[in-house]
Each structure stands twice: as structure tokens, then as C-alpha cells.
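Everything below concerns the one structure shown next.
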Amino acid sequence: MSKVLLAYVVADGLFLLMGIFMITFSVIVQNIRFEVPTEGHQAARNLLYQGFPLTAGIVNAVFIFVTFLFTIPGVITPARGWLKLGGWMTTVCGMFSLILGLYLWILTLKTKEDFAALYFRQSPEIQQLMQSAFQCCGYFNSTSPAFITDDICSSPAAAALMRPCSTPITSFANVLVDNIFTAVFGMVGIDVVLIMATACLLKERKERERFRHIDEKSGMVGF
């Protein structure tokens with residue numbers, strides 16, 4: 001096995017692992033995002049997850065698996081057609097992943113405003129969980145929406161002295177989403193590596209084929 005082919009196989013394996021990670025994450029999050037929370041960080045996380053493009057993530061992962069299957073003939077046969085097809089399909093996967101990553105990144109640009117609509121729609125019990133977990137009162141301030149009386153916000157005077165929940169929740173949400181879209185952009189990087197490995201392998205096979213034709217014309221046994 002040549003070094004170029006070995007590099008292609010390694011990149012193809014990473015590509016498959018990327019698809020497994022994407023579909024595993026998407027399916028798990030789909031199953032937990034509507035769970036009744038028992039803690040404030042869980043409540044905030046689930047609300048964020050509800051806005052994630054999880055179905056698109058699953059579709060992308062399935063296309064990654066299909067693409068991987070199309071790359072297998074390119075590894076075990078000398079034909080270049082399968083490699084070219086796999087390269088184009090990998091490009092589509094990369095563009096799909098890039099769009100998902102950009103979508104998640106855009107979410108971080110307006111987290112405070114977008115989460116406000118979610119927070120206002122929650123029951124007092126869920127709001128109280130987030131107040132307790134993030135040590136805050138209300139969302140924009142202690143009266144918008146009105147704070148839920150608990151150990152943290154025991155009175156209007158005490159609540160007025162506490163920070164609004166928008167600040168810690170926005171920070172929490174940005175860290176969570178940043179980690180996820182960074183992982184997605186990392187997957188795009190794997191796509192690029194596989195595309196480059198495909199191009200190198202195509203070039204190597206083209207050169208081998210050219211030399212074989214030269215040898216055949218000169219009457220040699222073969223390359």
C-alpha cells in the first residue's frame with residue numbers, strides 16, 4: 001500500500017467517525033431536549049437544543065455514510081471513477097456541514113434576544129430552576145419578567161440587587177453552542193483533508209496509468 005493510499009484510508013476512516021459522531025449526537029439530543037428538567041442548567045440546555053437543526057444533522061450523517069460506501073470501491077479497485085464520485089460527494093458533505101456550523105454560529109450572535117422569548121414562555125417552576133442555578137432574578141431585570149420568589153430572590157429589594165438571568169444564561173449558551181459549532185467546523189476540516197487525499201490519490205493513479213501505457217507501447221512487461 002502506497003503512502004498516498006494509506007493517507008486516503010486514514011482520512012476516509014476519520015470521515016466515517018465524523019458521521020458516527022454527528023448522528024449519535026443528533027439522535028441523543030433529539031431524545032432529551034423535551035425532557036422535564038430537574039435543574040436550571042439542564043432547563044437552559046434543553047431550551048437551546050430545541051432550536052438546533054438536528055434533523056438536518058441526521059440527514060447529513062446519513063449522506064456521510066452513503067458517501068463512505070461509495071469510497072470503498074475507490075480503495076479496493078484501481079478505477080478512478082469511484083474516487084471522483086466519492087470526492088464530489090465528500091464536497092457536498094463538507095458544504096452541508098459548513099452550513100450547519102454557520103447556522104449555529106449565527107445563533108450565538110443573538111442569543112440574548114432569542115432566549116428571552118423562550119424564557120418568557122416557561123412556567124414559573126422552570127424559571128425558578130434557572131434563577132436558582134444561575135443565581136439571578138428575572139431575565140432582563142427583576143421585573144421583566146417578574147422574578148419568582150425563592151431563596152435567591154426572596155423579596156423585590158433583594159431581587160433588584162441580583163443580576164438579571166440574561167447575563168449568565170447568555171454566557172452559558174454561548175459556551176455550549178461555541179463548542180458544538182467548533183466541532184462541526186472541525187468536521188469540515190476532515191472533509192477538506194479527505195478531498196485533498198482524493199486528489200492526491202487520483203493524481204498518483206493517473207501517473208501509474210500513464211507509465212503503464214508507456215511501458216506497454218515500449219514492449220515492457222508492465223509497470
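These numbers were taken from a predicted model, which means no experiment stands behind them. For reference, positions follow the sequence shown, starting with 1. Side chains are part of it too, since the values below use all heavy atoms of this structure and drop only hydrogens, waters and symmetry mates.
- Applying the 6.0 Å contact sphere to CG of Asn31 captures more than 12 heavy atoms from other residues, nucleotides or ligands.
- Of all the heavy atoms in Ile195 and Gly87, the pair that sits closest is CG1-O, 4.3 Å.
- Checked against the 2.5 Å cut-off, the SG-SG distance between Cys137 and Cys153 falls under it.
- The only option from Leu98, Leu100, Leu104, Ile99 that meets the side chain to side chain contact (heavy atoms under 4.5 Å, CB included) definition with Leu102 turns out to be Leu98.
- Asp150 and Ser132 form no side-chain donor-acceptor contact under 3.5 Å, judged by distance and modelled atom types alone.
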Please test Thr111 against Asn174 for side chain to side chain donor-acceptor pair (under 3.5 Å), starting from the C-alpha separation and ending with a verdict.
-> CA-CA 7 Å; Thr111 303; Asn174 284 340; 2.9 Å; yes

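- Of the inter-residue distances, the one linking Ile169 atom CD1 with Cys136 atom SG reads 5.5 Å to the nearest 0.5 angstrom.
- Met18 and Ile28 fall into different hydrophobic clusters, where Ile, Leu, Val, Met, Phe, Trp and Tyr residues are linked whenever their side-chain heavy atoms come under 4.5 Å apart, directly or through other members.
- Using a 4.5 Å cut-off on side-chain heavy atoms (C-beta onward), Trp82 and Ile72 make no contact.
- No donor-acceptor distance shorter than 3.5 angstrom exists from the side chain of Asn60 to the backbone of Ala56, with no hydrogens or angles considered.
- The ring pair (Phe, Tyr, Trp, His ring centres under 6.0 Å) contacts involving residues 139-180 comprise His41-Phe172, Tyr119-Tyr139, Phe134-Phe172, where partners must be two or more places apart or lie in separate chains.
- Here CD1 of Ile23 is found 11.5 Å from CG of Leu54. Values are rounded to the nearest 0.5 Å.
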From CA spacing to verdict: side-chain contact (heavy atoms from CB on, under 4.5 Å), Lys203, Val4 | CA-CA 10 Å; Lys203 182 179 179 181; Val4 175; over 6 Å; no

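- Closest approach of Ile126 and Ala43 over heavy atoms only: CG2-CB, 4.0 Å.
- Clustering ILVMFWY residues whenever any of their side-chain heavy atoms sit less than 4.5 angstrom apart, transitively, puts Phe63 in the very cluster that holds Leu85.
- If you take CH2 on Trp105 and CZ on Phe185, they are separated by 8.0 Å, rounding to the nearest 0.5 Å.
- Proximity of a side-chain donor or acceptor of Gln122 to a complementary backbone N or O of Leu118 within less than 3.5 Å is detected.
- Counting only heavy atoms from C-beta outward, the side chains of Gln127 and Pro145 approach each other to under 4.5 Å.
- Atom CG of Asp151 is separated from atom CD of Gln128 by 8.0 Å, given to the nearest 0.5 angstrom.
- Closest non-hydrogen pair, Ser142 versus Ala159, comes out as CB-O, 3.6 Å.
- In plain terms, the two heavy atoms of Gly19 and Ala61 that are nearest each other are O-CB, 3.6 Å.
- The hydrophobic clustering, which links ILVMFWY residues whose side-chain heavy atoms are closer than 4.5 Å, places Val192 and Phe21 apart.
- No single ILVMFWY cluster, assembled from side-chain heavy atoms under 4.5 Å apart, contains both Met196 and Val193.
- From Phe15, atom CZ reaches atom CD1 of Ile64 across 5.0 Å, with rounding to the nearest 0.5 Å.
- Counting heavy atoms from C-beta outward, Met130 and Leu47 have side chains that approach closer than 4.5 Å.
- More than 12 heavy atoms of other residues, nucleotides or ligands shown are found within 6.0 angstrom of CZ on Phe65.
- Atom CZ of residue Phe96 and atom CE of residue Met22 lie 8.5 Å apart, to the nearest 0.5 angstrom.
- Residues Met89 and Val66 have side chains in contact (heavy-atom distance under 4.5 Å, counting atoms from C-beta outward).
- Although no hydrogens or angles enter the test, the distance criterion places no donor-acceptor pair under 3.5 Å between the side chain of Thr167 and the main chain of Arg163.
- Using a 4.5 Å heavy-atom cutoff, the side chains of Phe120 and Ser144 are in contact.
- A donor-acceptor pair under 3.5 Å links the side-chain atoms of Ser155 to the main chain of Ala158, judged by distance alone.
- Both Leu48 and Ile106 are members of a single hydrophobic cluster when ILVMFWY side chains are connected at heavy-atom separations under 4.5 Å.
- Closest of all the heavy-atom pairs between Pro37 and Leu129 is O-CD1, 3.7 Å.
- For the pairing with Asp12, the side-chain hydrogen bond (donor to acceptor under 3.5 Å, both in side chains) check across Thr90, Thr67, Thr71 returns one residue only, Thr71.
- Two residues are said to be in side-chain contact when any heavy atoms from C-beta on lie closer than 4.5 Å; Ile32 and Arg45 meet this criterion.
- Using a 4.5 Å heavy-atom cutoff, the side chains of Ile152 and Gln131 are not in contact.
- Remark: side-chain polar atoms of Ser97 are paired, donor with acceptor, to backbone N or O of Cys93 under 3.5 angstrom.
- Taking each heavy atom of Phe115 and Ala44 in turn, the nearest pair found is CE1-O, 3.8 Å.
- Side-chain atoms of Asn46 and Glu35 form no donor-acceptor pair, as typed in the model, at a separation below 3.5 Å.
- With a 4.5 Å cut-off on side-chain heavy atoms, Phe181 and Asp178 count as touching.
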